[in-house]
Amino acid sequence: MSLVSDLINLDLSDSTKKIIAEYIWIGGSGMDIRSKARTLPGPVSDPSKLPKWNYDGSSTNQAPGEDSEVILYPQAIFKDPFRRGNNILVICDTYTPAGEPIPTNKRAAAAKIFSHPDVVAEVTWYGLEQEYTLLQKDVKWPLGWPVGGFPGPQGPYYCAAGADKAFGRDIVDAHYKACLYAGINISGINGEVMPGQWEFQVGPSVGISAGDELWAARYILERITEIAGVVLSFDPKPIQGDWNGAGAHTNYSTKSMREDGGYEVIKKAINKLGLRHKEHIAAYGEGNERRLTGRHETADINTFKWGVANRGASIRVGRDTEKAGKGYFEDRRPASNMDPYVVTSMIAETTLLLKP
């Protein structure tokens, strides 16, 4: 195996200018991350300079077998922490051969919203808090839990240290460093309330880059858990009962919110979000009704409410924002399996483009 490790870590720059580009896209379920690699003649830093590519959409539930070709459009480039050197990861979205976005391509619609002049002018910032659960491979039970049994009740696990409280830290730290290497704006990590559950944060990122970075970070985490022999779950309520679910809290601000008088802008934006609560909930992730119960730091799925420092609200405003009279707010409704392109663009659309 040492020879295999040596070959995996081989530095290609000594012998060739060619690089490997890993093209990454989202499959038919909306959460299955697919990828394949190709050789390019030299380093590339601009996605518009990369060739389009295709794949068999009938094998990802995105096209019929008799007309299965789906075209990949490169959209964002990150350094490859696995192959290293000048090799790259390429976030792509998906189109028909005629150039139309396929139905599962959520990035294309988001790009239209983020390119709207009213949205561009407000320089939308996002901070995405991605919660996830690590599962034992063969039994699909949380890492560190006794097989078929339960650990002690929640309380000692959040942001904890110790072999009986923190499970999978090596995976989490490997992911943290790999994201920093890749150029992803990852801003932190922490252990979550349920044992075996963790969180990483991406941002602040502007506009559509928040979605690109979160998908790249998810892909890297999938690869690291693959190496570690652990299953990665984005289920919003992986264990029923008195256990916290997994969300993707979305922190948001606009230029107007960050300036003096921004608190009034924030309150108006929150009121707009309340008017479209049902539409947002419908787009905020599958199975979210199992998580948004009004317990375990959530608001009930059918209730919209906001508050300062209230983790049981739909929208939480921080004490610092209230005190400063400007800043950001946190949408606590999105599930861990949400599509960041959908959530970020929908928040921008509702708060900036929806007419009173």
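Along the sequence shown, residues are numbered consecutively beginning with 1.
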| request: Mind telling me whether Phe82 and Tyr219 have parallel, tilted or perpendicular rings, with 30° and 60° as the class edges? | output: perpendicular
| query | For the side chain of His116 and the backbone of Leu352, is there at least one donor-acceptor N/O pair under 3.5 Å apart? | reply | no
| task | Answer yes or no: is there an ion pair linking Arg83 with Asp80, defined by an N-O contact shorter than 4.0 Å? | result | yes
| How far apart are the closest heavy atoms of Glu199 and Glu192, and which atoms are they? | OE1-OE2, 3.0 Å
| query | Going by an N to O cut-off under 4.0 Å, is there a salt bridge joining Arg291 and Glu131? | reply | no
| request: Could you tell me whether the side chains of Glu22 and Asn87 share a donor-acceptor contact shorter than 3.5 Å? | output: no
| request: Establish, from distance only, whether the side-chain atoms of Thr104 and Gln62 form a donor-acceptor pair under 3.5 Å. | output: yes
| Within 45° of the axis and under 6.0 Å from the centre of the six-membered ring of Trp306, does NZ or CZ of Lys267 qualify? | no
| Under 3.5 Å donor-acceptor, Gln130 side chain and Ser336 backbone | yes
| request: Please work out which of the three classes, parallel, tilted or perpendicular, describes the rings of Trp141 and Phe150, given edges at 30° and 60°. | output: perpendicular
| request: Using only heavy-atom distances, determine whether the side chains of Thr351 and Tyr252 contain a donor-acceptor pair under 3.5 Å. | output: yes
| Side-chain (Thr94) to main-chain (Cys92) donor-acceptor, under 3.5 angstrom | no
| task | For the pair Glu122 and Lys255, find out whether any cationic side-chain nitrogen is under 4.0 Å from an anionic carboxylate oxygen. | result | no
| task | For the pair Arg319 (side chain) and Ala309 (backbone), establish whether a donor and an acceptor sit closer than 3.5 Å, ignoring hydrogens and angles. | result | no
| field | Stepwise side-chain contact (heavy atoms from CB on, under 4.5 Å) check, Met338 with Leu214 | value | CA-CA 11 Å; Met338 63 83 161; Leu214 190 68; 4.2 Å; yes
| Around Gln154, counting heavy atoms of other residues, nucleotides and ligands shown, do more than 12 lie under 6.0 Å from its CD? | yes
| Lys17 NZ: over 12 foreign heavy atoms closer than 6.0 Å | no
| query | When you look at CG of Asp56, are more than 12 heavy atoms from neighbouring residues, nucleotides or ligands closer to it than 6.0 Å? | reply | yes
| If you measure from the Lys or Arg side-chain nitrogens to the Asp or Glu carboxylate oxygens, is any gap between Asp242 and Arg295 under 4.0 Å? | yes
| Between Phe200 and Tyr132, what is the ring plane arrangement, given parallel below 30°, perpendicular above 60°, and tilted in between? | tilted
| request: Could you tell me whether the side chains of Glu69 and Tyr55 share a donor-acceptor contact shorter than 3.5 Å? | output: no
| said: I'd like to know if the side chain of Asn105 and the backbone of Asp93 have a donor-acceptor N/O pair within less than 3.5 Å. | reply: no
| What about Trp53 and Trp25, are their ring centers closer than 6.0 Å? | no
| Between Asp46 and Ser48, does any side-chain donor sit less than 3.5 Å from a side-chain acceptor? | yes
| request: Verify, without hydrogens or angle tests, whether Lys106 (side chain) and Val343 (backbone) share a donor-acceptor contact under 3.5 angstrom. | output: no
| side-chain hydrogen bond (donor to acceptor under 3.5 Å, both in side chains) between Ser314 and His277, worked out | CA-CA 9 Å; Ser314 312; His277 177 63; 5.0 Å; no
| task | Give a yes or no on whether the backbone of Thr60 and the side-chain of Arg34 come within a donor-acceptor separation of less than 3.5 Å. | result | no
| query | So, is the end of the Lys326 side chain (NZ or CZ) under 6.0 Å from the ring centre of Tyr263 and within 45° of the ring's axis? | reply | no
| request: Please report the shortest heavy-atom distance between Ala348 and Val119, naming the atom on each side. | output: CB-CG1, 4.3 Å
| request: Kindly say whether Thr344 contributes a backbone atom to a donor-acceptor pair with the side chain of Tyr126 at under 3.5 angstrom? | output: yes
| request: To the nearest 0.5 angstrom, please state how far the NE2 atom of His280 sits from the CG atom of Leu275. | output: 9.5 Å
| In terms of side-chain heavy atoms, does Gln197 have a donor or acceptor partner in Asn244 at a distance below 3.5 Å? | no
| request: Answer with yes or no whether the side chains of Arg333 and His249 bring together a donor and an acceptor at under 3.5 Å. | output: no
| query | Do Phe329 and Trp125 belong together in a cluster built from hydrophobic side chains that touch within less than 4.5 Å? | reply | no
| task | Give, for atom OH of Tyr284 and atom CD of Glu279, the distance between the pair rounded to the nearest 0.5 Å. | result | 11.0 Å
| field | Polar side-chain atom of Glu213 near backbone of Gly183 as donor-acceptor pair, under 3.5 Å | value | no
| said: Using a 6.0 Å distance limit plus a 45 degree cone around the ring axis, check whether Lys79 lies over the aromatic ring of Tyr181. | reply: yes
| request: Answer yes when Asp212 and Arg107 have at least one side-chain N-carboxylate O distance shorter than 4.0 Å, and no when they do not. | output: yes
| message | Treating Ser68 as the side-chain partner and Gly57 as the backbone partner, does any N or O pair qualify as donor plus acceptor under 3.5 Å? | response | no
| Looking only at heavy atoms, which two atoms of Pro51 and Pro74 are closest? And how far apart? | O-CG, 3.5 Å
